[in-house]
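Worksheet for the structure shown next.
Scope of the values below: all heavy atoms of this structure, side chains included, with no hydrogens, waters or symmetry mates.
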Amino acid sequence: MAELKSNSEPPAERKLYWADEAEEEATSKPAPPKLSWGEVAASSVDALSIRETEFNGFLDEPEALNIKAVTTGDTPYTSASTFEDLKLTQALLKGITDLKFQHPSKIQAVSLPMILTPPYKNLVAQAHNGSGKTTCFVIGMLSRVDPNLKAPQALCICPTRELAIQNLEVLRKMGKHTGITSECAVPMDSTKYMSFAKRPPVTAQIVIGTPGTIKKGISAKKLSVGSVKILVFDEADHMLAEDGFKDDSLRIMKDIQRISDHCQVLLFSATFNEIVKNFVSRVVKDHNQLFVKKEELSLESVKQYKVDCPDELSKVMVIKDRILELGENLGQTIIFVRTRHSAGTLHKSLVELGYEVTTIQGALKQEDRDKIVKEFKDGLTQVLISTDLLARGFDQQQVNLVINYELPVKHENHSEPDYEVYLHRIGRAGRFGRKGAVFNLLMGGRDEMLMEKIERHFNSQIAQVASWNSAEDFKAALKAAGLL
DNA sequence: AAAAAAC
């Protein structure tokens, strides 16, 4: 199992956005009413006992609007307006206050009662990027574990090792006072490699990892899942997608369900396309659900732009002269590329032009990946080139700028955009309601067509930067995004 | 070579 270094404290300027709202509310108006949405819907229970209701609790939070809740069964749930409402242990509450979380975000207020109330129903939860989904399942896992039982009781599966490590760091900080043990199950770096057969059995109460390593642990009988009562899939749509980790995920789910009589399954993601949604309802029985319309998924606080570039060189020049030149003091930047190869060539071009950039992609050695992520998270590097390795879940609050050097496309058909990946990429900026900007660099008619499809899909206008080589145009764009 | 995970 991988070792984990504890992260440095978040910088002082960090401010959680719902906390801001809470302060404002305290001075300007009374606390929001507790919504009992399960009950609201009770009047319209149909034959199947499916309840459906629109949620508009904290109207000030743009990200919070229009999460649609559908519950099955007759358990009423009451949205939590404070963390105290959730009857968490004192130790866990302390961890939450330590992290300066004052007020649950929308998705937390709504999902946590569903997760924590018997009979612990399965949950499929969609919420906007950067709205605090990790906290939902972290609190869920920490609350449901029996501290006296020294065996794995909660499992969380993530699509990349970077995300697993990041989630474990959040869990350890939040669970600092609980005494609950946790471990990361991800591929180890070459220097420390040890086969599962030689390793001692996992005793940690919470295990967070990637599908391959978790699967190996189970089949090598070093990770016993008999006591697992909560199973979380982060980025769940990808974990259950045909071209994602569907087979591994189903395998793990079945292994657990075979020997653990009731295991609560939680699926979290910002995106669930119709195909995955249909599949999910077949494999996760009798679940409550929270959904957002795709048209309402783009973050208001992140301004999106498109830039027509005549050729490859001009794309590099836009990054160098127009964006990085201006953006240097605006926080950190992630540049997304489609392939490992273009990551390499772009890296080379920018370095030759005298820019300090680092690059991450899956072909690098584990230890190099760890180093590059650490340097970026510590703020030692400003600009990071990445494949879609970091498209999902990567949480670095100082990222204000995302550049799509190449647009994400479907593997089977390069004329079709990958809408989900697009949304996840741009969600790396604007964490917790912060301001941010995205520049989509387009080259040629195919890119323009892809961009149009993306605009139509999310029903969002993407502003055009008039000229790729006008410093004024870019300055105006950043100003309009609130970054200058 | 799409990227990711993993042997």
Side-chain angles (χ1 to χ4, degrees), chain A residues 1-2 155-168 184-199 207-220 222-223 233-253 255 269 271 276 334-347 359-370 372-373 384-394 402 404-425 427-428 446-447 450:
Chain A
M1 303 279 156
L155 222 56
C156 172
I157 330 271
C158 316
T160 62
R161 62 192 294 288
E162 281 70 18
L163 194 48
I165 292 168
Q166 178 181 287
N167 286 341
L168 186 69
C184 204
V186 298
M188 284 187 298
D189 66 50
S190 49
T191 57
K192 294 181 203 135
Y193 183 80
M194 194 199 292
S195 80
F196 251 108
K198 291 181 189 156
R199 289 187 230 176
V207 177
I208 303 184
T210 45
T213 307
I214 300 258
K215 223 176 55 173
K216 279 227 91 175
I218 296 174
S219 65
K222 298 291 177 169
L223 174 58
F233 288 96
D234 194 8
E235 306 299 338
D237 62 322
H238 188 241
M239 300 311 290
L240 289 168
E242 197 72 60
D243 70 343
F245 296 102
K246 182 177 163 186
D247 293 347
D248 287 347
S249 298
L250 288 181
R251 180 63 200 278
I252 293 167
M253 226 187 276
D255 281 346
S269 183
T271 53
V276 190
I334 300 181
I335 306 173
F336 282 107
V337 293
R338 194 175 63 83
T339 65
R340 295 168 175 182
H341 180 255
S342 39
T345 48
L346 179 60
H347 181 100
T359 298
I360 187 166
Q361 41 101 338
L364 299 182
K365 281 185 288 186
Q366 316 292 13
E367 49 268 46
D368 293 341
R369 287 164 62 162
D370 291 344
I372 287 158
V373 167
L384 179 59
I385 300 171
S386 175
T387 57
D388 286 324
L389 171 61
L390 293 188
R392 285 172 175 264
F394 184 71
V402 165
N404 280 323
Y405 187 76
E406 293 151 330
L407 292 174
V409 293
K410 290 215 166 83
H411 174 48
E412 334 74 75
N413 178 3
H414 285 196
S415 307
E416 231 358 77
D418 190 321
Y419 301 108
E420 285 72 37
V421 171
Y422 180 82
L423 196 88
H424 285 280
R425 281 185 182 184
R428 293 322 97 211
R446 198 200 61 158
D447 281 351
L450 289 168

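Salt bridge status for A:Arg251 with A:Asp255: present, with a side-chain N to carboxylate O gap under 4.0 Å. A salt bridge is absent between A:Asp418 and A:Arg425; no separation between the charged side-chain nitrogens and carboxylate oxygens falls under 4.0 Å.
One finds a side-chain N or O of A:Thr387 lying less than 4.0 angstrom from the OP1 or OP2 phosphate oxygen of B:dA4.
Between the CG atom of A:Asn413 and the P atom of B:dA2 there is a distance of 13 Å, rounded to whole Å. Spacing between atom CG of A:Leu389 and atom P of B:dA5 amounts to 6 Å, rounded to whole angstrom units. Taking atom CG on A:Asp247 and atom P on B:dA4, their separation rounds to 19 Å, with Å as the unit. Following rounding to the nearest Å, A:Glu162 (CD) and B:dA3 (P) show an atom-to-atom distance of 15 Å. As rounded to whole Å, 13 Å separates atom P of B:dA3 from atom CZ of A:Phe245. When the C1' atom of B:dA4 is taken as reference, atom CD of A:Glu235 falls 12 Å away, rounded to whole Å. We find that CD of A:Glu412 is positioned 13 Å from C1' of B:dA3, with the value rounded to whole Å. Counting to the nearest Å, the C1' atom of B:dA4 and the CZ atom of A:Arg340 are 8 Å from each other.
As judged by a 4.0 angstrom heavy-atom cut-off over every strand, A:Lys216 is placed among residues touching the sugar-phosphate backbone only. Contact annotation for A:Asp243: base contact, defined as any heavy-atom pair under 4.0 Å involving a base atom. Counting any heavy atom pair closer than 4.0 Å across all strands shown, A:Arg369 reaches sugar-phosphate atoms only and no base atom. Residue contacts shown for A:Pro211 are absent, as no nucleic acid heavy atom lies under 4.0 Å away. Looking at heavy-atom distances under 4.0 Å, A:His414 makes no contact with the nucleic acid at all.
Of the candidates B:dA5, B:dC7, B:dA2, the closest approach to any side-chain atom of A:His411 belongs to B:dA2. Set against B:dA2, B:dC7, B:dA4, the side chain of A:Gln361 has B:dA4 as its closest nucleotide. Of the candidates B:dA5, B:dA3, B:dA4, B:dA5 carries the atom nearest the A:Arg161 side chain, counting heavy atoms from C-beta on.
Looking at residues two or more places apart in sequence or on another chain, you find a side chain to side chain contact (heavy atoms under 4.5 Å, CB included) between A:Ser190 and A:Glu367.
No side-chain donor-acceptor contact under 3.5 Å links A:Arg369 to the backbone of A:Lys365. A donor-acceptor contact shorter than 3.5 Å links the side chain of A:Gln166 to the backbone of A:Gly393.
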